[in-house]
Amino acid sequence: MTKSNTPIGGYSVNPYVGCPHACKYCYASFMKRFTGHTEEWGTFMDVKDWPEIKNPKKYAGQKVIIGTVTDGYNPLEETYKNTRRLLEELKDSGADILICTKSDLVLRDLDLLKEINENSRLTVSWSINTLDEEFKDDMDAAVSIERRLAAMKEVYAAGIRTICFISPVFPGITDIEAIIDRTKDQCDLVWLENLNLRGGFKADIMKYISDKHPDLVPLYDEIYNKKNRSYFEALEKKAEELAKKYDCRFVDNETPYERVEKGHPTIVDYFYHEEVRGTANSGKRNVIHNS
């Protein structure tokens, strides 16, 4: 368990190091330098071991996020069951547990998730940034978007709080309206996060855009080389309009734990999320000075 630096705070815990989903935009690739691996990020995974959590109650009331730099339900979880073991150790903790995934393997543990949900706060989030399976396949090796949507629907129907995490939003490619329209009846929250190109994968993504979407090259140059924020500022306004259209709350940070009326998920604006960390839905963003 480590203190989380995400906007929602709490603790982060990752049952594995590395992830075979090999997302081309993976922000967690920086972790490679701590592993001793020379292979490409996305081609290896280390299976963690840990002493049993003897006093899970110490996390009561705390948010515990499973899968901030790995997917706890990556395909190898089927064999190693580390994520299930972690959930079993935390099931009576009283923690506010958030599972982040791109997989439908989570359905294997639906029995355990229901048990946890009876006594604790539980949320399952799926990353879905496109409805185009071809684009999905270009970006990651996780299960299809249709399988993610089906899993979300089943978990939601089981009475468990769900999130559609539209992340990362690819300018000119990700259609947030289509995704919200598709998922609004099976999630309690929609999170929006912009594509943040940094580190070693920036050149790869820019080359992909040049090869597959040459018409978008000027837009990506404006956003990622010239630091022009107008595209995402306009998208924030569109998201707020969509919230009004569907009679949803629109906020700039996580909200108190709740289930919402079906069809009216709370839409959370995490664009440039480093500026909303710790703002507690105040509507005011932190000022970030770029050096």
Answer yes or no: is there an ion pair linking [X] with [Y], defined by an N-O contact shorter than 4.0 Å?
{"X": "K63", "Y": "D96", "answer": "yes"}
{"X": "R108", "Y": "E78", "answer": "no"}
{"X": "D109", "Y": "R84", "answer": "yes"}
{"X": "R182", "Y": "E146", "answer": "yes"}
{"X": "E89", "Y": "R85", "answer": "yes"}
{"X": "E134", "Y": "K212", "answer": "no"}

### Task
Return yes if a side-chain donor-acceptor contact under 3.5 Å exists between N129 and K102, otherwise no.
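Short answer, no.
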### Query
Under 3.5 Å, is there a donor-acceptor pair linking the side chains of D188 and Y156?
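Result is no, nothing qualifies.
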### Task
Check side chain to side chain contact (heavy atoms under 4.5 Å, CB included) between K136 and all other residues, then give those that pass, not counting sequence neighbours.
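Here the qualifying residues are T130, E133, D140, I145, R148.
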Using modelled atom types and a 3.5 Å cut-off, is there a donor and acceptor pairing between side-chain atoms of [X] and backbone atoms of [Y]?
{"X": "S12", "Y": "T68", "answer": "no"}
{"X": "Y16", "Y": "N82", "answer": "yes"}
{"X": "N117", "Y": "G159", "answer": "yes"}
{"X": "Y231", "Y": "G172", "answer": "yes"}
{"X": "N14", "Y": "V69", "answer": "yes"}
{"X": "T101", "Y": "V124", "answer": "no"}

Do the non-hydrogen side-chain atoms of [X] and [Y] ever get within less than 4.5 Å of each other?
{"X": "I173", "Y": "M139", "value": "no"}
{"X": "D46", "Y": "K48", "value": "no"}
{"X": "L98", "Y": "I163", "value": "yes"}
{"X": "F170", "Y": "Y220", "value": "yes"}
{"X": "P171", "Y": "Y224", "value": "yes"}
{"X": "P75", "Y": "L105", "value": "no"}
{"X": "I97", "Y": "L87", "value": "yes"}
{"X": "I223", "Y": "L197", "value": "no"}

### Message
I need the C187 SG to M152 CE distance, nearest 0.5 Å.
### Response
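The distance works out to 6.0 Å.
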### Query
Between CG of L122 and CD of E115, what distance do you get to the nearest 0.5 Å?
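It comes to 11.5 Å.
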With a sphere of 6.0 Å drawn around [atom1] of [X], does it hold more than 12 non-hydrogen atoms of other residues, nucleotides or ligands?
{"X": "K184", "atom1": "NZ", "value": "yes"}
{"X": "K202", "atom1": "NZ", "value": "yes"}
{"X": "Y80", "atom1": "OH", "value": "no"}

### Task
Under the side-chain contact (heavy atoms from CB on, under 4.5 Å) rule, what do N225 and M206 come out as? Steps first, then yes or no, please.
CA-CA 10 Å; N225 293 327; M206 295 297 266; 3.7 Å; yes
### Query
Should the pair F165 and W191 be assigned to parallel (<30°), tilted (30 to 60°) or perpendicular (>60°) ring geometry?
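The rings of F165 and W191 stand perpendicular, inter-plane angle above 60°.
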#### Entry: Charged tip of K3 within 45° of Y11 ring normal and under 6.0 Å
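Yes, K3 sits over the ring of Y11.
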